[in-house]
Amino acid sequence: MRQSKYFFYTLREDPKDAEVISHKLMIRAGLISKVSSGIYNYLPVGTRIIQKIENIIREELNAAGAVEIVMPIVQPAQLWKRSGRWEHYGKELLRIKDRKDNDYVLGPTHEEVITDIAGKFLKSYKQLPQTLYQIHTKFRDEIRPRFGVMRAREFVMKDAYSFDADLQSMEKSYEKMRDAYIRIFDRIGFDYKIVKADSGAIGGSVSEEFMVLSEVGEDKLAYCDSCSYAANIEAAVAGQIRQTDQQEKPIETVETPGCKTIEKVARFLNAPEDRLIKTIMIEADKEPVMVLLAGDDTLNEIKLARKLGAKEITPASEETLSRLLLPAGFMGPVGAPDIKIVADIKIKEMKNAGCGANIQDKHFINANYPRDFKVDQFFDIRNVKSGDPCPKCGGSLNITSGIEVGHIFQLGDKYSKSMDAGFLYTDGKKRHFLMGCYGIGIGRIAAAAIEQSHDKYGIIWQSSIAPFKISLLSLGNDKEVIDFTEELYKKFEQADIETLYDDRDERAGIKLADSDLLGCPITVIVGKRGMKSGFIEAKIRKTGEKKQYKIDDIDDMIEWIRDYR
RNA sequence: CGGGGCGUAGCGCAGCUUGGUAGCGCACCUGCUUUGGGAGCAGGGUGUCGGAGGUUCAAAUCCUCUCGCCCCGACCA
């Protein structure tokens, strides 16, 4: 590609509305431009990267036996009413009306449509298993889009759906996709982990996420030092905590003026935070519930909602608190009003704990379960912390951040049942499909790749997804140099090496800086200085290593470039 | 949704307090010089000052409303 005839423009300064490095670099290197909040253009170079990623995915999914289709972005509300998600999906589902005032949605995902397709065409167990996929645009009206294409509202996703006749076969289809995902992310060159996950709005039983390890990741994940256990913090369970064998002491009331936070109470009583009971009032689908946690733990709302079977967990309103006569900052389970009390399993083992006394400026010390207070149910509802025991081997858990680039689910019959989609089994009776669904965020992969591979000069692409394999630069406007670079360009084209040839009439510094910013794996530099001594130079972006090739040995260079991975 | 911030040239910003001809850097266009790590000189402004309304002789600037964008929060009461 001749840069003078192409569409590739860089920015010298960081855009002011970008926070994370990948977002800044994607804009500066001219890969994307913003249209609106969470809505982006992919400019030509960005499009090439996206296509590279898509092709890797296509190759691996096709190899795994999946079949590509395209489904509509605009979907009739009727389908969503059939699955029940018209009511349940919430505000992320963008609802629109057509000229006849009929309801439609912009598809945030495609289970409804695909299940409808399967129901129409897959009539017999003999047609199963079947896995279909598409690479297409989704729209989710995110509460807060951010980090450029990392969390966009409109984005391109590869979504695949498997249909099986029985459980065993469904698990097999799942494993096949999982293996394909591993090959995909290995080829892209990610440092990633596969973690157990909560299946969220999509539903289903088993689900795993592919997490690219990165500080800017919006997900927290826990993984074990000594075994293979890894889980999203939303789903991570901590191992059993050792029981203490302390003697129970008599409960006492203490004055704790103004100590409204665990931190203050701990300091005031000179007790460690994990010896206090943290009391949180929430409303689970409007029902007030008192939640107890160890003072140094944090509530995992997703676990709690799941355990309570609640759709929505919200902090209790001021109104509810005053109605129940609960003083914020001094609440506790001892002498609590007659409401549901749930506690983290750790509370059961806590001895002589401190907790709010339900009276302004007073706390109890030496509270003990069940002697001093009741708990209706114990659950694992806390977020695991660094250092917690691993549930699998008892080793120590670490917490790190990750970018979720892939998510795979075993859905079972969640959608096939609600939408009544099925096939005839060997016994001639109708059965619902057992489904799996499998997503990969394409744009997010590009952003994650940049987060994992960049330096102060710009992006450093892995060869597998680089927009071009090489940048070819002619430095200066010496006729000899330009003629030779033109020749070289032709040779690269003939050799099928993807080349971005910077033939602009720009100074050396600009060309070199732009080349580093875009970050193609190799930069080939032709200049007067080298030509004079009979050499041209090839620089490896990743290492900065420079290789010299004699002008007569161009074929060697071409061979080396071809083999470079 | 709650809190905070910002909208002025393609990009990054100043000007607003105290109303009086719309500016700076980069980019861009023309010419000359320069040419291996973001050149120099000379000339050129490409702008509904986010939008609407109001106050005023006069509004980028003051007031009201509105739209857009960004950040933080929406577990620790």
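Each chain gets a letter, A, B and so on, in the order its sequence line appears, and its residues count up from 1. The structure displayed is predicted, hence computed values, not measured ones.
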With sequence neighbours excluded, tell me which residues meet ring pair (Phe, Tyr, Trp, His ring centres under 6.0 Å) with A:Trp461. none

Across the strands shown, which category fits A:Gly356 at heavy-atom distances under 4.0 angstrom: base, sugar-phosphate, nothing? nothing

Hey, does the Lys NZ or Arg CZ of A:Arg444 hover above the aromatic six-ring of A:Phe155, less than 6.0 Å from the centre and inside 45° of the axis? no

Looking at A:Tyr223, is A:Lys193 sitting on its ring face, NZ or CZ under 6.0 Å from the six-membered ring centre and within 45 degrees of the normal? yes

Under 3.5 Å, is there a donor-acceptor pair between the side chain of A:Asp344 and the main chain of A:Ile347? no

Under 3.5 Å, is there a donor on one side chain and an acceptor on the other for A:Asn368 and A:Asn352? yes

Which parts of residues 468-489 of chain A get close to RNA chain B, meaning a heavy atom less than 4.0 angstrom away? A:Leu475, A:Gly476, A:Asn477

Using Watson-Crick geometry (N1-N3 plus N6-O4 or O6-N4) or G-U wobble (N1-O2, O6-N3), each under 3.5 Å, B:U64 is paired with B:A52

Side-chain donor-acceptor pairs under 3.5 Å in residues 4-17 of chain A, sequence neighbours left out?
from	atom 1	to	atom 2	distance (Å)
A:Ser4	OG	A:Asp503	OD1	3.1
A:Ser4	OG	A:Asp503	OD2	2.6
A:Thr10	OG1	A:Asp514	OD1	2.8
A:Thr10	OG1	A:Asp514	OD2	3.4
A:Asp17	OD2	A:Lys34	NZ	2.7

Spacing of the P atoms in B:C28 and B:G38 (rounded, Å): 16 Å

For atom C1', what is the distance between B:A9 and B:C29, given to the nearest Å? 14 Å

Can you tell me how far C1' in B:C16 sits from the matching atom in B:U34, rounded to whole Å? 42 Å

With under 30° as parallel and over 60° as perpendicular, where do the rings of A:Trp560 and A:Tyr549 fit, or are they tilted in between? tilted

Taken to the nearest whole Å, CD/A:Glu92 to P/B:C1 is 15 Å

In Å, rounded to the nearest 0.5 Å, how long is the span from CD1 of A:Ile558 to CG of A:Asp553? 11.5 Å

Between protein and nucleotides 46-48 of chain B, what N or O pairs are separated by less than 3.5 Å?
none

Any strand: nucleotide that pairs with B:U34 via Watson-Crick or wobble, under 3.5 Å: none

Atom C1', compared across B:A52 and B:C67: separation rounded to whole Å: 10 Å

To the nearest Å, give me how far apart CG (A:Asp505) and C1' (B:U33) are. 14 Å

P atom, B:C13 versus B:U8: distance in rounded Å? 9 Å

Assigned partner base of B:C24, Watson-Crick or wobble definition, under 3.5 Å: B:G12

Side chain of A:Arg48, backbone of A:Pro467: donor and acceptor closer than 3.5 Å? yes

Enumerate the protein-to-nucleotides 22-24 of chain B contacts in which both atoms are nitrogen or oxygen and the separation is below 3.5 Å.
none

Expressed in whole Å, how much space separates the P atoms belonging to B:G20 and B:G43? 28 Å

Can you tell me if A:Thr261 uses its side chain to pair, donor with acceptor, with the backbone of A:Lys264 under 3.5 Å? yes

Should the pair A:Lys362-A:Glu255 be classified as a salt bridge under the 4.0 Å nitrogen-to-oxygen rule? yes

Using the side chain to side chain donor-acceptor pair (under 3.5 Å) rule, collect all pairs that involve residues 516-526 of chain A, keeping only residues at least two apart or in two chains. A:Ser515-A:Thr523

Contacts of type side chain to side chain donor-acceptor pair (under 3.5 Å), residue A:Thr485, not counting sequence neighbours: none

Base versus backbone protein contacts along nucleotides 67-77 of chain B [heavy-atom cut-off under 4.0 Å; B, S, -]: --SSBB-BBBB

Can you tell me how far C1' in B:C24 sits from the matching atom in B:C49, rounded to whole Å? 15 Å

Mind checking what makes salt bridge (Lys or Arg N to Asp or Glu O under 4.0 Å) contact with A:Arg275, not counting sequence neighbours? none

If a pair satisfies ring-ring contact (aromatic ring centres under 6.0 Å, His included) and one of its residues is in residues 294-338 of chain A, list it, with sequence neighbours excluded. A:Phe330-A:His363

In whole angstroms, how far is the P atom of B:G36 from the CD atom of A:Glu506? 14 Å

Partner nucleotide of B:G43 by Watson-Crick or wobble geometry (both distances under 3.5 Å): B:C29

Mind checking what makes salt bridge (Lys or Arg N to Asp or Glu O under 4.0 Å) contact with A:Arg507, not counting sequence neighbours? none

Summarise protein proximity over nucleotides 37-45 of chain B in one line of letters, 5' to 3': B for base, S for sugar-phosphate only, - for none, counting protein heavy atoms closer than 4.0 Å. BBB------

Paired with B:C69: which nucleotide, if any, by Watson-Crick or G-U wobble criteria at under 3.5 Å for both distances? B:G5

Would you find a donor on one side and an acceptor on the other, under 3.5 Å apart, between the side chain of A:Asp388 and the backbone of A:Lys385? yes

For atom P, what is the distance between B:G31 and B:G68, given to the nearest Å? 45 Å

